[in-house]
Number of protein chains: 2
Amino acid sequence: MTDHPPFDLARFEKPSLTVDVVVFAMRESQLHLLVIERGIPPFEGRWALPGGFVLPRETVEQAAARELEEETGLKDVYLEQLYTFSTPDRDPRGRVVSVAHMALLPMDRLDDAVVGGSDARRAEWIALPEAIEKVEPAGLVTPGARPRKKREPREPHFAFDHDVIVATALARLRGKLESTTLAFELLPAQFTLTEAQRVYEAILGRAVDKVTFRRRLTQLELVEETAEMRRGAHRPARLYQAVPRDSHWI
Amino acid sequence: MTDHPPFDLARFEKPSLTVDVVVFAMRESQLHLLVIERGIPPFEGRWALPGGFVLPRETVEQAAARELEEETGLKDVYLEQLYTFSTPDRDPRGRVVSVAHMALLPMDRLDDAVVGGSDARRAEWIALPEAIEKVEPAGLVTPGARPRKKREPREPHFAFDHDVIVATALARLRGKLESTTLAFELLPAQFTLTEAQRVYEAILGRAVDKVTFRRRLTQLELVEETAEMRRGAHRPARLYQAVPRDSHWI
DNA sequence: TGACTTAGTTGCTGTGTGCAACTAACTTTT
DNA sequence: AAAAGTTAGTTGCACACAGCAACTAAGTCA
């Protein structure tokens, strides 16, 4: 905060402010990500995250929720602010600072998203291949102010720095997985413990032990039994639901 | 990202973009916070965080490092982006979005900060009383888009929403404490295990077990012995140093 | 009826945690 | 010089939890 009366604000050049949203959902036991194919330059034909400009009378979180609904039809999903990306040349059209968000869509609401419409801008669910995580995570100014590493030239799937944003979102999701109940946001209201385990495995990218997993969820009272069972090709599985709590933190 | 050629950016009203920095340091076994007393309205006489406007050719992290050095003389400290605050009326002078950062200053560098200078803008270290944490943490848009809670009117020590920013920084520091080696950033290059324990206790706000604490640090090889001892009023204590590693994550 | 698949449990072992009680080394007090 | 006080650091134990293997249970399918 520098110390001058109101007119002062105009003395400093203002960047454009946007939001971007990384929407995660489970689909066939794999973590998926919602992308939009860009219809016009720059980055025409590349994948981009849903997002847009922040309006004068809204917070960035409200802007993210609004843009998500406008562009994909999704509303009332878990939405969390992630990180602000501000490399001066991240958008070739000019100085654009973007506040990235992460959204989680329950797997029974996959079809709520308007995907593959006949618009110029098609939305699509893509599986999170390991290719995406090879990107360096979001930067930090650490002691010594080390120079910002240049990204190696590689197959550019994503527009702008959206590959870095996706990598940051995945890192955040992983980090919060064990200390919060965020994973339940990707599950239906009622789910089997095996379904829950698949979510953890998809996000962590490795197998987790069945016994340990079930013990944790039940002993910590994160889930409670329901009367219903899920019937399928084999032995029916008990349906559970998340225990309501104030915050997602365990 | 909305789809129009360059001139499009001007179609959307741009907010001012600032950074604020929450600087933590240990002082007399207590966690302290660097504040600046405002010399002019708005919020004249109240405490504010060091910070200022983001320049056109820098990232917000660079802006935070620059402003921190300009206002307090501190450089080469651990600095991490925290959260972006964007409530439309958070600054009475107009639309100002601020990207908050957290910085950690080693206790042997406390005097690097220009504190209590004869300027209009005095910097001061204040102990983190529990009063500060009574503030609600940074908001989230959660399912159902619940209405943003109004803050109760109370003794306003801080300018703007800086009390919320401080609370968010403390929450982040606490959250990362057990899963990272961030605590070492608050310690000198060489430190005793009791000094390290004091840092953890100050941040967590509770006593931690001596045996468990020492076992963890040594068994996880987070620290290594040095040859030196710290001599004082009583039995000398061995000095340790942090084991160098790629990231702060354990 | 038996093979197959998924659901769910039991039992053991190794590891980390919390607590109490101890020893060690120094300074200060008497 | 000895005793008291304070901080440093260790030992030992009980308990909780994680990982692993092996088991039982309940359905489908050939």
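Here is how names work: the chains are called A, B, and so on, in the same order as the sequence lines, proteins then strands, and each is numbered from 1. Predicted model only: the values in this text are computed from it and were never measured.
Heavy-atom contacts of chain A under 4.0 Å fall on DNA chain C between two terminal nucleotides, which in 5' to 3' order are C/dT5 to C/dT10.
In this structure, B/E201 pairs ionically with B/R198, as a charged nitrogen and a carboxylate oxygen lie closer than 4.0 Å.
Contacts between residues 225-232 of chain A and DNA chain C, defined by a heavy-atom separation under 4.0 Å, are absent. Within residues 208-218 of chain B, the residues having any heavy atom under 4.0 Å from DNA chain C are, by residue number, B/D209, B/V211, B/T212, B/R215, B/R216.
Considering only residues two or more places apart in sequence or on other chains, A/F184 meets the ring-ring contact (aromatic ring centres under 6.0 Å, His included) condition with A/F191. Not counting sequence neighbours, the partners of B/R109 by the salt bridge (charged side-chain N to carboxylate O under 4.0 Å, His left out) test are B/D112. Qualifying side-chain contact (heavy atoms from CB on, under 4.5 Å) partners for B/E178, counting only residues two or more places apart in sequence or in other chains: B/L204, B/R206. Residues satisfying the side-chain contact (heavy atoms from CB on, under 4.5 Å) test with B/A103, not counting sequence neighbours, are B/V21, B/V23, B/L68, B/V77, B/L79. Residues forming a side-chain contact (heavy atoms from CB on, under 4.5 Å) with A/Q190 (at least two apart in sequence, or on another chain): A/T226, A/E228, A/L239, A/Q241.
Within the structure, the side-chain hydrogen bond (donor to acceptor under 3.5 Å, both in side chains) test picks out no pair touching residues 22-33 of chain A (sequence neighbours left out). Residue pairs satisfying the salt bridge (charged side-chain N to carboxylate O under 4.0 Å, His left out) criterion with at least one member in residues 208-217 of chain B, sequence neighbours excluded, are absent. Pairs of residues two or more places apart, or lying in two chains, that qualify as salt bridge (charged side-chain N to carboxylate O under 4.0 Å, His left out) and include a residue from residues 233-242 of chain A are A/E225-A/R238.
Rounding to whole angstrom units, NE2 of residue A/H234 and C1' of D/dA30 are separated by 13 Å. As a whole-Å value, the separation of B/L239 CG from D/dA8 P is 11 Å.
Nearest-nucleotide positions on DNA chain C for B/A233 and A/T194 put A/T194 closer to the 5' end.
Considering all non-hydrogen atoms of both residues, B/M26 and B/L110 come closest at O-CD1, 3.5 Å. Taking each heavy atom of A/A25 and A/L186 in turn, the nearest pair found is CA-CD2, 3.8 Å.
Atom OG1 in B/T181 sits 11.0 Å away from atom CG in B/L220 (nearest 0.5 Å).
For D/dA8, its base sits under 3.5 Å from the side chain of B/R235 at one donor and acceptor pair at least.
Contacts of A/T192 with the nucleic acid, taken as non-hydrogen atoms under 4.0 Å apart, are absent.
Defined by atom type and a distance below 3.5 Å, a donor-acceptor pair is present between the side-chain atoms of A/T84 and B/T84.
From one end of the helix from C/dT1-D/dA30 to C/dT30-D/dA1 to the other, with five pairs defining each end axis, the axis direction shifts by 10° (rounded to 10°).
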